[in-house]
J.: 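Mind having a look at this structure? Questions to follow.
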Amino acid sequence: MNIFRLAGDLSHLLAIILLLIKIWKTRSCAGISGKSQILFAVVYVSRYLDLVTTFISLYNTLMKLVFITSSFATLYLMYVKFKATYDHNHDSFRIEFLLLPCFVLALLINASFTPLEVLWTFSIYLEAVAILPQLFLVSKTGEAESITSHYLFALGSYRALYLLNWIYRYYAEGHYDLIAIFAGAIQTILYCDFFYLYITKVLKGKKLQLPA
Amino acid sequence: KEDEGSKDEL
């Protein structure tokens, strides 16, 4: 554990909390992509299957449980409790176009061809692109509430901080995982346009509105 | 996986 890794995890945790607070306080999931949230739930479940096979640390176990539980809580709020506020019409991204290629890629490029390893790799590839339905929704509606922007910023920062963690680990421990690094770089790149808008608009007190 | 290092990450 190094400072970048810890900051990344805390940023990830903050993102999830912000999202739950937004939905709970406003009693609405308007502007949030249910498709992205489904993909994140798939990511956590397929990645954290090792919860039942390997014990790494209490921190590791607790965080995994928090991520899985909170993603299902989010889905429950969106698809059951506040279903009426869910923006069906704008959330039209076809997630099979992400799920299938990621699965095929995981079958082809992985560290070892075992069920757990393929699913872990699948989750890494899927996480890299899971935010696309959300970014698509923001681009369709042309704007995002400020708390949704904070959520996206925290979520994007998390993998960017992991990239610093991997650079640090490469030099400090000689450890690197090309699959995670490659996917993490793609994931971070997808947020760049959003990061730019967040810094130039939201941090200056303006609403995130895309140029027409 | 031979290198378990990435599995302690989330």
Side-chain angles (χ1 to χ4, degrees), chain A residues 1-2 4-6 8-13 16 43-44 47-51 53-68 110-114 116-121 123-124 127 158-159 161-163 165-166 169-170 172-181 183-184, chain B:
Chain A
M1 180 71 80
N2 56 64
F4 305 113
R5 162 72 201 285
L6 183 64
D9 286 351
L10 293 179
S11 178
H12 194 182
L13 196 60
I16 288 165
V43 164
Y44 299 135
R47 186 174 311 166
Y48 300 153
L49 290 170
D50 65 348
L51 266 176
T53 60
T54 325
F55 178 78
I56 294 161
S57 66
L58 187 62
Y59 172 83
N60 189 278
T61 301
L62 282 178
M63 291 295 259
K64 284 174 174 172
L65 289 174
V66 167
F67 290 152
I68 291 177
N110 53 59
S112 67
F113 197 70
T114 59
L116 272 187
E117 191 62 37
V118 168
L119 284 170
W120 181 86
T121 312
S123 82
I124 293 287
E127 186 189 343
Y158 135 70
R159 224 48 178 174
L161 288 161
Y162 259 69
L163 286 178
N165 155 56
W166 291 323
R169 289 190 73 176
Y170 177 71
E173 306 160 23
H175 167 85
Y176 66 96
D177 183 318
L178 286 177
I179 289 174
I181 292 169
Chain B
K1 199 176 192 96
E2 293 83 53
D3 187 357
E4 287 295 322
S6 62
K7 294 295 188 280
D8 70 311
E9 293 179 347
L10 301 156

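Within every chain, numbering begins at 1; the chains are lettered A, B, ... in the order of the sequence lines, protein sequences first and strands thereafter.
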J.: To the nearest 0.5 angstrom, please state how far the NZ atom of B:Lys7 sits from the CG atom of A:Leu116.
T.: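 Reported to 0.5 Å precision, the distance equals 9.0 Å.
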
J.: Please list, chain by chain and in numerical order, all residues satisfying ring-ring contact (aromatic ring centres under 6.0 Å, His included) with A:Tyr59, sequence neighbours excluded.
T.: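 Partners of A:Tyr59 by the ring-ring contact (aromatic ring centres under 6.0 Å, His included) criterion come out as none, since no residue qualifies.
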
J.: Should the pair A:Lys64-B:Asp8 be classified as a salt bridge under the 4.0 Å nitrogen-to-oxygen rule?
T.: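 Looking at A:Lys64 and B:Asp8, the cut-off is not met.
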
J.: So for A:Asn60, is it side chain, backbone, both, or neither that comes closer than 4.5 Å to the heavy atoms of chain B?
T.: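 Both backbone and side chain of A:Asn60 come within 4.5 Å of chain B.
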
J.: Residues two or more places apart in sequence or in another chain: which of them pass ring-ring contact (aromatic ring centres under 6.0 Å, His included) with A:Phe67?
T.: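 In terms of ring-ring contact (aromatic ring centres under 6.0 Å, His included), with neighbours along the sequence ignored, A:Phe67 is linked to A:His12, A:Tyr44.
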
J.: Starting at CZ of A:Arg5, measure out to CG of B:Leu10 and round the result to the nearest 0.5 Å.
T.: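 Spacing of CZ (A:Arg5) from CG (B:Leu10) equals 5.0 Å.
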
J.: Quick one: what part of A:Asn110 sits under 4.5 Å from any heavy atom of chain B, side chain, backbone, both or neither?
T.: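 Neither the backbone nor the side chain of A:Asn110 comes within 4.5 Å of chain B.
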
J.: Let me confirm one number: the CE-CD distance from A:Met1 to B:Glu9, rounded to the nearest 0.5 Å.
T.: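 A:Met1 atom CE to B:Glu9 atom CD measures 9.0 Å (nearest 0.5 Å).
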
